[in-house]
Amino acid sequence: EVKVVVKDSEDKVVRELKGPKEVGINRTNWDLRHDAPVQPEPGSPQEFLRQPRGPLVPLGNYTVTVSVGSFTATKPVAVEEDPRIQIGAADRKTWYDAVRAGAKVWAQADAANKTASSLKKQLTEQQEALNKNAKAPEAVKTAVKALLDKVEPLTKRLSRQDPVGFAGAPLAEDPEPLLARARGVYFAIGSITAPPTPQHRDLLGRVTQDVGEAAQSLNALVETEVPA
């Protein structure tokens with residue numbers, strides 16, 4: 001296996017890539033970014049769409065190490081500013097920190113959504129199996145239904161459960177799910193190299209709080225009520 005490791009000036013790993021291992025001259029590409037916040041599930045529709053990209057790394061000096069078995073080769077790489085972009089160092093850091101925060105909350109929302117969706121699927125299948133079993137204890141049926149009733153609101157809060165129509169923006173009683181909000185704030189802040197606006201900062205703060213609360217509720221449910 002060919003491994004490509006990018007480290008910053010403090011020797012911290014910034015990105016790990018897999019390189020081609022065919023005999024001869026090969027090429028792999030580092031797009032000067034961190035890993036993407038989320039990875040689509042294999043075989044999902046998102047896998048075949050444009051892949052999300054991670055935040056751009058800060059300007060500075062990096063090392064790229066290529067290793068194959070016991071053989072390694074390291075070269076320095078300097079990441080410089082695009083001459084078309086005019087932004088000061090302080091503003092760039094503010095922007096970078098905000099994009100990284102947006103990436104973190106999107107990743108958290110995605111992880112919570114996958115956990116909640118998987119749990120809902122398992123409970124739904126179990127409920128269907130119990131309903132088909134005439135000898136299934138009513139206490140078990142009741143317990144599964146009670147747990148599913150607690151999981152379903154969380155899955156709905158995290159991601160849309162029904163196909164969206166074309167009637168306009170979400171209604172007040174059916175707000176945009178947290179996964180879509182987290183994805184939106186990440187792209188809104190990261191799409192332009194500039195400090196986040198007050199509106200962006202406010203949105204990032206609210207989404208971060210809401211996602212954190214949803215993830216905490218889900219974790220508490222899993223730890224206290226889901227059988228090991």
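Between the NZ atom in Lys18 and the CD atom in Glu1 there is a gap of 4.5 Å [rounded to 0.5 Å]. Distance check, rounded to the nearest 0.5 Å: NZ of Lys7 to CD of Glu16 gives 9.0 Å. Taking CG of Leu204 as the start and CZ of Arg181 as the end, the distance is 11.0 Å to the nearest 0.5 Å. Expressed to the nearest 0.5 Å, how far CD of Glu138 lies from CG of Leu130 amounts to 9.5 Å. Atom NZ of residue Lys3 and atom CG of residue Leu17 lie 11.5 Å apart, to the nearest 0.5 angstrom. Atom CG of Leu119 and atom CD of Glu225 lie 10.5 Å apart (nearest 0.5 Å).
The salt bridge (charged side-chain N to carboxylate O under 4.0 Å, His left out) search around Arg84 returns Asp82, not counting sequence neighbours.
Closest non-hydrogen pair, Asp210 versus Arg157, comes out as O-NH2, 3.8 Å.
In this structure, the side chains of His200 and Val185 stay at 4.5 Å or more apart for every pair of heavy atoms. Looking at Leu123 and Gln126, their side chains come closer than 4.5 Å, going by heavy atoms from C-beta outward. The closest side-chain heavy-atom distance from Leu59 to Tyr96 is not below 4.5 Å. Side chains of Pro37 and Asp110 form no contact here, defined as non-hydrogen atoms less than 4.5 Å apart. Contact annotation: the side chain of Trp30 approaches that of Val57 to within less than 4.5 Å [non-hydrogen atoms, C-beta and beyond].
A salt bridge does not link Asp8 to Lys12: none of the charged nitrogens lies less than 4.0 Å from a carboxylate oxygen. Comment: Lys121 engages Glu125 in a salt bridge, judged by a side-chain N to carboxylate O separation of less than 4.0 angstrom.
Grouping the Ile, Leu, Val, Met, Phe, Trp and Tyr side chains by contacts below 4.5 angstrom, directly or via other members, places Val207 with Trp95.
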*Check the pair Ser118, Gln122 against side chain to side chain donor-acceptor pair (under 3.5 Å), reporting the backbone distance first and the verdict last.*
CA-CA 6 Å; Ser118 176; Gln122 294 175 51; 3.1 Å; yes
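Listed by first then second residue, pairs satisfying salt bridge (Lys or Arg N to Asp or Glu O under 4.0 Å) with a partner in residues 184-203 read Asp202-Arg206, not counting sequence neighbours.
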